[in-house]
Amino acid sequence: MFLDIATDLLTPPSRRQAFAAGGLAIAGAAGLTSAPTPPRLMFGANRSAFPSFNTAIPRGVAVRVYYDAKNQFPAGWPNRLPGAWMTLSLRPNPGDLLAGKLDSQLKAIIDSAPAHSELTFWHENTTGNPLGYPSYVNNPRAALLMQHYGQSLCSGTKVRFGVITCGPVGQQAGWIAPGLDWYGDDLYDFPRLRNPDGTLNQAKIYARLDANLQTWRKRSGQHRPSLRICETNSPHDSHRKNWFTWLAQWMAAHNGRRILTYWNPDRGLANNGLSGPWPPTQNVVDRLHQLSQTY
């Protein structure tokens, strides 16, 4: 049995509220094939969890890969996960990048990339500096210049270049370049998105996403910019079915193309983190599998 969720997922959020409390309706597999086809939304996971994630969710082929040292680059596009749709995070030194000193290395990576490849520089380089970047990286001028440069390097190739924010995007508008191929955010279940009793609040989640969308529209110059959620999870396993489902609903309705889940045993609830180890409970795995089939 699969969840016949395609029609519900295409319903505007205001009309979906009635479905939230009761969950999603169960129907046969035939219902999926006859339902309207939503935009293709790929699911995936971070590199360490990806092999197990992909085994459990064969259509979850997107993966997030990080090179987290300054000017640390692979010789070519990473190829140890054949067939994966990779979002690659690199950290080029801004001065070297803008002076053209890294062009040959970066072009070797970009030019060897397969279809469906995506690249970003210095993810979460935003106000508040959540990752503790040095000041020559963490400022809006450097952020914009690096994004423009990355976009130019990827122009005419198989690689699509984008930016990944964290936190309310409206507070980061001056850090986001126009004209990028895609716009992404690392979004987790945290207390401000919950009800007083600690359960998830769908309206608050959609309000955050709607507000983010307004900024992405203004900065991109597009009414329907191509969107990504590049890290996401909840530390509460009981929240995850609704969390992933509601994100998928919203993303499918707003030109979202990738949702990359993040799993880390050292960043779970016991350690005051925002994710947890893979695998979660089976009902969460089943929901992710069903969502991946629907989209």
Side-chain angles (χ1 to χ4, degrees), residues 46 64-72 87-98 118-154 160-193 204-222 225-235 247 250-251 254 256-262 264 267 272-275:
N46 52 304
R64 180 86 181 270
V65 173
Y66 308 82
Y67 281 73
D68 280 346
K70 182 178 63 179
N71 284 359
Q72 179 191 37
T87 300
L88 178 62
S89 294
L90 299 177
R91 297 184 179 184
N93 176 280
D96 293 340
L97 175 71
L98 301 174
E118 298 188 344
L119 178 64
T120 192
F121 294 157
W122 296 94
H123 61 278
E124 299 186 18
N125 184 27
T126 62
T127 56
N129 198 13
L131 298 181
Y133 292 150
S135 59
Y136 61 84
V137 170
N138 186 241
N139 66 81
R141 182 176 182 274
L144 292 175
L145 289 172
M146 288 192 289
Q147 291 166 38
H148 284 301
Y149 203 93
Q151 179 71 40
S152 68
L153 288 172
C154 293
R160 299 294 173 260
F161 189 87
V163 61
I164 300 174
T165 57
C166 181
V169 178
Q171 298 176 8
Q172 306 160 34
W175 300 62
I176 300 171
L180 303 182
D181 294 317
W182 54 270
Y183 294 82
D185 190 50
D186 289 347
L187 179 64
Y188 290 89
D189 165 18
F190 62 98
R192 290 184 183 178
L193 301 179
K204 290 181 179 180
I205 295 168
Y206 284 150
R208 165 62 66 87
L209 290 167
D210 289 343
N212 287 351
L213 178 61
Q214 294 308 309
T215 301
W216 284 323
R217 283 174 169 168
K218 291 177 182 178
R219 296 304 296 160
S220 69
Q222 304 171 41
S226 188
L227 304 180
R228 311 289 187 267
I229 294 178
C230 298
E231 286 182 18
T232 192
N233 208 335
S234 170
L247 290 186
W250 190 92
M251 289 285 280
H254 297 92
R257 296 308 175 101
R258 293 189 191 186
I259 294 178
L260 296 168
T261 61
Y262 184 88
N264 187 330
R267 297 187 182 180
N272 297 314
L274 294 172
S275 60

Heavy-atom side-chain proximity of [X] to [Y] below 4.5 angstrom:
X	Y	answer
Leu247	Ile205	yes
Leu97	Phe121	yes
Leu153	Phe161	no
Val163	Arg219	no
Trp182	Thr120	yes
Asp210	Trp250	yes
Pro92	Trp122	yes
Leu187	Arg208	yes

Ignoring hydrogens and geometry, is there a side-chain-to-backbone donor-acceptor pair from [X] to [Y] under 3.5 Å?
X	Y	result
Gln72	Arg91	no
Thr87	Glu118	no
Glu231	Tyr188	no
Tyr136	Asn93	no

From [X] [atom1] over to [Y] [atom2], what is the distance, rounded to the nearest 0.5 angstrom?
X	Y	atom1	atom2	result
Leu88	Tyr66	CG	OH	11.0 Å
Leu193	Lys204	CG	NZ	8.0 Å
Asp185	Leu213	CG	CG	12.0 Å
Arg228	Thr165	CZ	OG1	13.0 Å
Trp175	Gln147	CH2	CD	10.5 Å
Leu227	Asn212	CG	CG	9.5 Å

*asked:* Looking at Arg64 and Asp186, is any side-chain nitrogen of the basic one under 4.0 Å from a carboxylate oxygen of the acidic one?
replied: yes
Kindly give the heavy-atom pair with the smallest separation between [X] and [Y], and that separation in Å.
X	Y	answer
Pro94	Val137	CG-CG2, 3.8 Å
Thr232	Ile229	CB-CG2, 3.6 Å
Thr127	Pro130	O-CD, 4.2 Å
Pro225	Ser220	CB-OG, 3.6 Å
Ser226	Arg257	OG-CG, 3.8 Å
Gln172	Cys166	NE2-O, 2.7 Å

*With a 3.5 Å cut-off and no angle check, do the side chains of Ser275 and Asn233 form a donor-acceptor pair?*
no
*Would the number of heavy atoms belonging to other residues, nucleotides or ligands and lying under 6.0 Å from CZ of Arg267 be above 12?*
no
*Could you go through the side chain to side chain contact (heavy atoms under 4.5 Å, CB included) check for His123 and Asp68 one step at a time?*
CA-CA 10 Å; His123 61 278; Asp68 280 346; 3.7 Å; yes
